[in-house]
Amino acid sequence: MASRCLLPAAGALMLMCFLPAAFVVLPGVQTPALRGAKAQGGASFANLSMASIATTTAAFGVAAAVVRSRSREGKTAAKYTTQTILPSLAWIKTGVRASELQPTELKALTLAGNDVLIGKTEAGALFCVGNLCPHIGTPMSEGADVIGDVIVCPLHGSSFKVTTGELIDWCVSPPIIGPLTGLIVDKKNLLIFECRQGGFLGSGEVEVLVDTNAKKAYEANYWKGLLDAQGKDDGTYY
Ligand code: FES
């Protein structure tokens, strides 16, 4: 990006440097430099041209060095840890008021690296669950149904209680294929998050209690596995 911005600037710099040289060498163009050079003879004229070319080359070198150094600065430094990252819970505002949600309506959000789904049961009670189905990670927001206080995954029909995350049915559809896909993954409950309505007497935005270190912990685990596989960490991943 920085390189793209600097290239036109380098071009303009070169143009500014080449212009005097062009005026000196173009026949019929009478500049003060040209008139002076002509008056002093051919040797001075040649010296002037050489000086212009040398200035241009130097300017081009400087511009190229600036472009190289800027592109080096633009690269993201690799920063990672393989340490155990402890949870850090915090109430995060969602930007959504509970009154904006209708019963059975769902809204997907990413809060401090956590994929969550806030919604209302058929009776209008507010809830917040993980958006990714524990089967193979399909986003529930892509067509999940809320029936009573149960949410049903759109892909294989797994269903979970929204208040506790408890598994009710595991991979029931489509017939034969759904249950077969269910065999390859251990049954799990759905993640749930505490939520509340902020503001005076609950008139404000919906807030969700999330682990703000969740992304960092996930990445640390990833790096630990990667480095342990190469024999470069403490070997406790496997
Ligand atoms: S992805 Fe949700 S049940 Fe298979």
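As a basis for the values below, the full set of heavy atoms in this structure was taken, side chains included, without hydrogen atoms, waters or symmetry mates. As the structure lists them, so they are numbered: ligands from 1, and atoms in each ligand from 1.
For the residue pair N213/S88, the side-chain donor-acceptor check at 3.5 Å is not satisfied.
Evaluated by nearest non-hydrogen atom to atom 3 (S) of ligand 1, the leading choice among A144, G137, S158 is S158.
Looking at N221, its side chain never comes within 3.5 Å of a backbone N or O of Y218 through a donor-acceptor pair. For the pair D115 (side chain) and L132 (backbone), a donor-acceptor distance under 3.5 Å is absent.
Side-chain contact between I136 and H156: present, with at least one pair of heavy atoms (C-beta onward) separated by less than 4.5 Å.
Here is the list of ligand 1 atoms found below 4.0 Å of a heavy atom in T138: 1 (S). Heavy-atom proximity to I136, at under 4.0 Å, picks out these atoms of ligand 1: 1 (S).
The atom of H135 that is an N, O or S and sits closest to atom 4 (Fe) of ligand 1 is ND1.
Cluster annotation: V162 is not connected to I118 through the hydrophobic network of ILVMFWY side chains, with a link wherever side-chain heavy atoms come within less than 4.5 Å.
The aromatic rings of Y80 and W223 lie parallel to each other, their planes meeting at an angle below 30°, with 60° marking the opposite boundary.
For H156, heavy-atom contacts with ligand 1 shorter than 4.0 Å involve the backbone as well as the side chain.
Put simply, C153 stays out of reach of atom 4 (Fe) of ligand 1, with no N, O or S atom under 2.8 Å from it. For atom 2 (Fe) of ligand 1, the N/O/S atoms of C171 include none lying under 2.8 Å.
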